[in-house]
> 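Okay, here's the structure, questions in a sec.
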Amino acid sequence: MRHFLIYGLAAVLIFTMLGRFAAVETGSAAERTAAPMATVAKTAALPDGEAPAEEQTVLTGLLQVKMSSMDDMYFKNALLEELGEGFDVHALSTSDTGDQPAMFRKMVEKGYKLIIVELYDTSLADEYIDLAEENGVALIFTGEEPSDAQMDRKNDLYYVGFSEGNVMRELADALILGWNNNQEAFDLKRDDRLVYGVFTKESYEENGNQETLEGYLSSAGIQVELGRQCVTSAFNFNLKKEVDNILYAGGEMIICDSSSYARQISEYLHDPEEFTSERLQNTRLYLTVADEGAQKMVEEGTAMFATGINGGDTGTAVGKLAKALVAGEQPTAATVGIAPDQHKRLYITNRTVIAELVNTPAVEDDEDED
């Protein structure tokens, strides 16, 4: 029995020594490990009575319908870049089948302080405005435009949309400029007649673009004819086949409302295994969209012209507006870049870029002097 008591006391002493040793080692290791700078900053001594400042981010919701186009991506990227640090953005792709209201309510319940909504149905605006007003949420609408009465219901509610720019007018002006500066570069068949093809989501005959464009050009003395149009939403759409059809119809220029399709058309025309004719390779491309892809094509000379609403410009404007609202500021032209109208609407204008070939007059050969 005595032996057991001795062994028990010895065990207690051993475990006690090990515990002290471990405590010393743990403390030494902690002293040798440098604390992260963020931790040091938070635990640094502050003047008496001053509480440490907490870093807070603004929970921000972005509800975009489908988010399927490159322009949607440019919008989102520009928005995130403009907002920068201090905003925690949760982007969701919604549909027009009823899930957007549920997503909006969930964001409100989770304490989001700012929600950006691409509105697809203005009848939903009142529901969103009610929830935002009751819960102190700043609200920015894009997409479909709410009524003046709806916009006036809430102070920190704004709309960002597009100005009514006449794309066909700007396109016609560019064609007229290029024709007057250097007709031979655009009239590829040298017959004083300009034949064009179209890659479009909506028929130019049905939406009035054909009548509008041809009216402007005819008034400037240019004979113009729609040779062939391709509606890209059609079933079994085949880009190369449609380009061939436009060329067979005598097309000297192609108007396209997608920079992605325009890039594929350009690559097809310049593929030496497909086309060796310089005239066909020189088929001019004009874009009725002004996203980054379209602008790049104009800058490199593979497209002659681009105009339209740029998703990046819109995203930047929404980002500046969001920062002003969160800061409790009244958005102005100085803070946002665009002065809101009396019902708190900001309108983005078309961005237009024109290739050097269009802007530059042809060099005339000097006549030999006798």
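If you read the sequence from its start, that first residue is 1, and numbering goes on from there. None of these values were measured; they are calculated from a predicted model.
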> Got more than 12 heavy atoms from elsewhere within 6.0 Å of CG, Asn155?
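No.
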> Please give me the minimum heavy-atom distance between Gln281 and Thr276, naming the atom from each residue.
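Taking Gln281 first and Thr276 second, the nearest heavy atoms are NE2-CA, 4.3 Å.
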> Rounded to the nearest 0.5 Å, what separation is found between the CD1 atom of Ile115 and the CG atom of Leu92?
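One finds 10.5 Å between CD1 of Ile115 and CG of Leu92.
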> Minimum heavy-atom separation for Pro101 to Leu124, with atom names?
CG-CD2, 3.9 Å
> Just how far is it from atom CD1 of Ile255 to atom CG of Asn209, taken to the nearest 0.5 Å?
8.5 Å
> Is there a path of hydrophobic side-chain contacts, each under 4.5 Å between heavy atoms, that joins Trp179 and Leu213?
yes
> For the pair Lys240 and Asp244, evaluate salt bridge (charged side-chain N to carboxylate O under 4.0 Å, His left out) and give the outcome as yes or no after the intermediate values.
CA-CA 6 Å; Lys240 292 183 178 181; Asp244 291 344; over 6 Å; no
> Is it the case that more than 12 heavy atoms not belonging to Lys296 sit under 6.0 Å from its NZ atom?
no
> Is any NZ, NE, NH1 or NH2 atom of the basic residue among Lys189 and Glu252 found under 4.0 Å from an Asp or Glu carboxylate oxygen of the other?
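So Lys189 pairs with Glu252 through a salt bridge.
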> Give a yes or no answer on whether the side chain of Glu225 reaches the backbone of Leu194 with a donor-acceptor pair at less than 3.5 Å.
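Looks like no, no N/O pair under 3.5 Å.
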> Can you see which heavy atom on Cys230 is nearest to which on Phe237, and at what distance?
SG-CE1, 3.3 Å
> Would you find a donor on one side and an acceptor on the other, under 3.5 Å apart, between the side chain of Ser147 and the backbone of Gln150?
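Yes, Ser147 side chain to Gln150 backbone: donor-acceptor pair under 3.5 Å.
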> Nearest 0.5 Å please: distance from the CD atom of Glu170 over to the OG1 atom of Thr307.
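It comes to 3.5 Å.
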> Going through the distances and angles, do Leu83 and Val89 end up as a side-chain contact (heavy atoms from CB on, under 4.5 Å)?
CA-CA 9 Å; Leu83 290 176; Val89 180; 3.7 Å; yes
> Taking C-beta and beyond as the side chain, do Val353 and Glu299 meet within less than 4.5 Å on heavy atoms?
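No, their side chains stay 4.5 Å or more apart.
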> Given side chain to side chain donor-acceptor pair (under 3.5 Å), test Ser203 with Gln229 step by step and report yes or no.
CA-CA 8 Å; Ser203 168; Gln229 69 173 335; 3.0 Å; yes
> With rounding to the nearest 0.5 Å, note down the distance linking CE in Met253 to CG in Leu188.
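Spacing of CE (Met253) from CG (Leu188) equals 10.5 Å.
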> Do the side chains of Lys323 and Glu329 get close enough for a salt bridge, i.e. N-O under 4.0 angstrom?
no
> Tell me, do Leu175 and Leu217 make a side-chain contact under 4.5 Å, heavy atoms counted?
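When only atoms from C-beta onward are counted, Leu217 and Leu175 do touch, with a gap below 4.5 Å.
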> Where do Glu144 and Asp121 land on the side-chain contact (heavy atoms from CB on, under 4.5 Å) test, with the steps shown first?
CA-CA 7 Å; Glu144 294 297 319; Asp121 184 351; over 6 Å; no
> Does the pair Glu300 and Thr302 meet the rule for a side chain to side chain donor-acceptor pair (under 3.5 Å), with working shown?
CA-CA 6 Å; Glu300 67 191 19; Thr302 51; 2.8 Å; yes
> Would you find a donor on one side and an acceptor on the other, under 3.5 Å apart, between the side chain of Thr60 and the backbone of Val58?
yes
> For Ile176 versus Ala220, what's the shortest heavy-atom pair and its separation?
CD1-CB, 3.5 Å
> Could you walk me through whether Gln295 and Arg351 pass the side chain to side chain donor-acceptor pair (under 3.5 Å) test, one step at a time?
CA-CA 9 Å; Gln295 293 177 67; Arg351 173 181 291 221; 2.9 Å; yes
> With the side chain counted from C-beta on, respond yes when Ile338 and Tyr347 share a heavy-atom pair under 4.5 Å apart, and no when they do not.
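Not touching, per the 4.5 Å side-chain cut-off.
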> Just wondering, more than 12 heavy atoms not from Glu211 lying within 6.0 Å of its CD?
no
> Could you check Leu346, Leu62, Val318 and say which one makes a side-chain contact (heavy atoms from CB on, under 4.5 Å) with Ile140?
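Answer to the side-chain contact (heavy atoms from CB on, under 4.5 Å) test with Ile140 among Leu346, Leu62, Val318: Val318.
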> Can you tell me how far apart CG (Leu59) and NE2 (His90) are? Round to the nearest 0.5 Å.
10.5 Å
> Search all heavy atoms of Leu285 against all heavy atoms of Ile265 and return the closest pair with its distance.
CD2-CG2, 3.8 Å
> Distance check, rounded to the nearest 0.5 Å: Thr316 atom OG1 versus Leu79 atom CG?
8.5 Å
> Does the Arg284 side chain pair with the main chain of Asn282, one donor and one acceptor, at a distance under 3.5 Å?
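Yes; at least one donor-acceptor contact below 3.5 Å.
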> Side-chain contact test, heavy atoms from C-beta onward, threshold under 4.5 Å: evaluate it for Gln223 versus Ser218 and give yes or no.
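No, too far: nothing below the 4.5 Å cut-off.
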> Donor-acceptor check, side chain of Asp99 to backbone of Thr94, threshold 3.5 angstrom: yes or no?
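It does not hold such a pair.
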> Is a side-chain N or O of Ser259 found less than 3.5 angstrom from the main chain of Gly293, in a donor-acceptor match?
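No.
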> Aromatic contact between Phe275 and Tyr268, with the criterion being ring centroids under 6.0 Å apart: yes or no?
yes
> Test Leu139 against Asp156 for side-chain contact (heavy atoms from CB on, under 4.5 Å), laying out the working first.
CA-CA 6 Å; Leu139 185 56; Asp156 53 353; over 6 Å; no
> Between Arg153 and Glu133, is the closest basic N to carboxylate O distance under 4.0 Å?
no
> Can you see whether Gln100 engages Tyr128 through a side-chain donor-acceptor pair at a distance of less than 3.5 angstrom?
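Yes.
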> Check whether Met107 and Leu114 end up in the same hydrophobic cluster, where Ile, Leu, Val, Met, Phe, Trp and Tyr are linked by side-chain heavy atoms less than 4.5 Å apart.
no
> Less than 4.5 Å apart, side chain to side chain, heavy atoms only: is that true for Ser266 and Met297?
yes
> Using a 4.5 Å cut-off on heavy atoms from C-beta on, say whether the side chain of Asn359 contacts that of Leu177.
yes
> Could you please spell out the steps behind the side chain to side chain donor-acceptor pair (under 3.5 Å) verdict for Tyr261 and Glu242?
CA-CA 11 Å; Tyr261 285 149; Glu242 294 298 339; over 6 Å; no
> I'd like to know if the side chain of Gln210 reaches the main chain of Tyr204, judged simply by a donor and an acceptor atom lying under 3.5 Å from each other, with no hydrogens or angles considered.
no
> Which atoms form the tightest heavy-atom contact between Val289 and Ala306, and what is the distance?
O-CB, 3.4 Å
> Are the side chain of Thr335 and the backbone N or O of Pro331 linked by a donor-acceptor pair below 3.5 Å?
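The answer is no, because no donor-acceptor pair under 3.5 Å joins these two groups.
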> Mark yes or no for whether Glu82, through its side chain, and Ala322, through its backbone, hold a donor-acceptor pair below 3.5 Å.
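The answer is no, because no donor-acceptor pair under 3.5 Å joins these two groups.
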> Do Val198 and Leu171 sit in one hydrophobic cluster, given that two such residues count as connected whenever their side-chain heavy atoms are within less than 4.5 Å of each other, even indirectly?
yes
> Indicate yes or no: does Lys76 engage Asp72 in a salt bridge with an N to O separation below 4.0 Å.
no
> May I ask you to decide whether Arg345 forms a salt bridge with Asp148, counting only side-chain N to carboxylate O separations under 4.0 Å?
yes
> Could you tell me how the ring of Tyr286 sits relative to the ring of Phe305: parallel (under 30°), tilted (30 to 60°) or perpendicular (over 60°)?
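Plane angle between 30° and 60°, so tilted.
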> Does any non-hydrogen side-chain atom of Lys344 lie less than 4.5 Å from one of Tyr159?
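A side-chain contact is absent here, since even the closest heavy-atom pair is not under 4.5 Å.
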> Output, in order, the C-alpha distance, side-chain angles, deciding distance and verdict of side-chain contact (heavy atoms from CB on, under 4.5 Å) for Thr232 and Thr200.
CA-CA 6 Å; Thr232 56; Thr200 176; over 6 Å; no
> Report yes if some heavy atom in the side chain of Glu118 is under 4.5 Å from a heavy atom in the side chain of Phe75; otherwise report no.
no
> Can you tell me if Thr360 uses its side chain to pair, donor with acceptor, with the backbone of Leu357 under 3.5 Å?
no
